[in-house]
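The structure appears right after this line, and notes come after that.
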Amino acid sequence: MTNPNPSDKALVPFVSVDNMMRLVHHIGVEDMLRGLASEIESDFKRWEQFDKTPRVASHSDVGVIELMPTSDGEAYGFKYVNGHPKNTSEGLQTVTAFGLLADVYTGYPTLLTEMTLLTALRTAATSAMVAKHLAPKGAKTMAMIGNGAQSEFQTLAMKAILGLQNVRLYDIDPAATAKAARNLEGLGVNVIMCKSAEESMEGAEIITTCTADKQCATILSDNMIGAGVHINAIGGDCPGKTELAEAILHRADIFVEFPPQTRVEGEIQQLAEDHPVTELWQVISGTAKGRVSDKQITLFDSVGFAIEDFSALRYVQAQVKDTPFFQELDMLADPDDPRDLFGMLKRAT
Ligand code: NAD
């Protein structure tokens with residue numbers, strides 16, 4: 001088939017998984033985590049400019065498929081993401097994603113990209129950016145419970161942004177811990193492999209839970225949590241999927257992304273609808289308090305919000321410009337005469 005209009009085609013930059021990996025190595029993982037954290041932090045500071053809606057979730061017995069849209073009035077973005085804890089046992093990823101940016105003025109897409117790697121990077125960048133505001137000052141040690149796909153990214157972001165020195169790994173599957181330890185070798189973090197969640201928490205100022213199980217699990221029970229720690233709870237992100245004992249929530253000051261989404265998906269689904277929580281954007285923009293004492297237990301009840309993906313999409317769009325790390329996709333029908341869509345089809349015979 002001949003191309004009826006080769007020169008003026010509106011082509012859309014596409015970042016494949018291969019190109020995303022090239023981009024990450026080109027920038028450097030830690031620099032990219034810092035860049036993403038800074039983009040996310042600036043977008044949290046202008047929170048009120050965004051369209052916000054809880055993500056649209058389609059649940060099944062085995063997992064969830066979600067769409068996460070937002071717009072700042074100039075650009076529009078969405079991510080497609082799934083969460084299927086049973087996938088690992090079938091040799092598949094628990095979480096995969098892709099995303100799109102578009103121009104609000106024309107409605108035309110301006111970027112399509114893989115977001116499986118990008119989600120791991122943006123989730124880790126968000127965790128570390130939040131920990132910068134909430135974790136005890138000078139925190140050096142993190143317990144990392146759940147050593148799957150997200151875990152090395154979480155560790156490296158805490159190193160890049162907070163100066164974390166030690167990570168204490170624990171997973172119910174020792175093979176996952178061994179994998180994470182291997183991957184983190186030589187990356188400047190002292191790795192300690194632990195045999196229980198309790199052991200992983202010895203001396204830890206930050207506790208990250210990042211497990212995948214489609215149930216209300218108790219990864220952390222109340223007696224495991226001492227005063228003054230920061231809990232970065234990543235894996236409770238769906239109705240009926242939580243990681244913390246309810247009693248911990250009553251002792252902690254809870255910080256969330258977007259309450260209407262977190263009340264349904266986060267750890268706080270276990271609490272009354274009116275249980276007080278603080279919105280992170282207010283802490284980041286200085287209108288609400290973060291950590292106020294050494295004794296306080298702070299909890300980031302992370303579920304992942306569309307604005308973090310929007311920030312990540314815009315970061316990638318800026319970074320791939322003038323690089324070879326993208327292809328151009330012919331995904332927009334764009335006839336010379338906008339009303340002559342059929343004519344374009346007819347001429348292509
Ligand atoms: P993964 O399946 O690759 O890893 C999960 C790990 O948890 C596995 O190694 C598993 O053995 C371990 N695990 C399960 N139950 C455990 C238990 N009781 N104790 C210790 N370890 C246990 O998944 P992933 O991609 O690393 O994602 C982890 C979780 O984070 C998922 O639940 C996912 O939905 C969630 N997630 C949240 C966000 C966010 O923004 N909040 C973003 C991405 C992923």
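Keep in mind that this is a model prediction, so the values were computed, not measured. When a ligand or atom number is given, it counts from 1 through the structure's own listing order. Below, each value reflects all heavy atoms present in this structure, side chains not excepted, and no hydrogens, waters or symmetry copies.
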*Tyr170 near ligand 1, heavy-atom distance under 4.0 Å?*
yes

_Separation of Thr209 OG1 from Glu267 CD (nearest 0.5 Å)_ = 6.5 Å

*When you measure from atom 44 (C) of ligand 1 to each heavy atom in Lys86, Gln150, Gln215, which option holds the nearest one?*
Gln150

*Under 4.0 Å between a Lys/Arg side-chain N and an Asp/Glu carboxylate O for Glu152 and Lys179?*
yes

*Closer than 4.0 angstrom: is that true for some heavy atom of Asp213 and an atom of ligand 1?*
no

*Measuring from the heavy atoms of Arg122, does anything fall under 4.0 Å of ligand 1?*
yes

*Please state which protein non-hydrogen atom is closest to atom 41 (N) of ligand 1 and give its distance, to 0.1 Å?*
Ser302 OG, 2.8 Å

*With a cut-off of 4.0 Å, which atoms of ligand 1 are near a heavy atom of Val303?*
39 (C), 40 (O), 41 (N)

*How does Asp237 reach ligand 1, if at all, at less than 4.0 Å between non-hydrogen atoms: by side chain, backbone, both, or neither?*
side chain

*If you measure from each heavy atom of Cys210 to ligand 1, is any distance below 4.0 Å?*
yes

*Can you sort out the partners of Thr211 under side chain to side chain donor-acceptor pair (under 3.5 Å), two or more places apart, ordered by chain and number?*
Glu243

*atom 7 (O) of ligand 1: the protein heavy-atom neighbour that sits closest, reported with distance to 0.1 Å*: Thr211 CA, 3.4 Å

*For the side chain of Arg168 and the backbone of Thr141, is there at least one donor-acceptor N/O pair under 3.5 Å apart?*
no

*Is Thr94 touching ligand 1 with its side chain, its backbone, both, or neither, if touching means heavy atoms under 4.0 Å apart?*
side chain

*asked:* Would you call the rings of Phe98 and Tyr80 parallel, tilted or perpendicular, taking 30° and 60° as the class edges?
replied: parallel

*Would you say Glu308 contacts ligand 1, with heavy atoms under 4.0 Å as the rule?*
no

*Does anything in residues 245-265 pair up under salt bridge (charged side-chain N to carboxylate O under 4.0 Å, His left out), and if so which pairs, sequence neighbours excluded?*
Arg55-Glu265, Asp222-Arg251

_Proximity of Trp281 and Phe50 rings by center, below 6.0 Å_ = no

*For atom 4 (O) of ligand 1, find the nearest protein heavy atom and state the residue, atom name and distance (0.1 Å precision).*
Gly148 CA, 3.2 Å

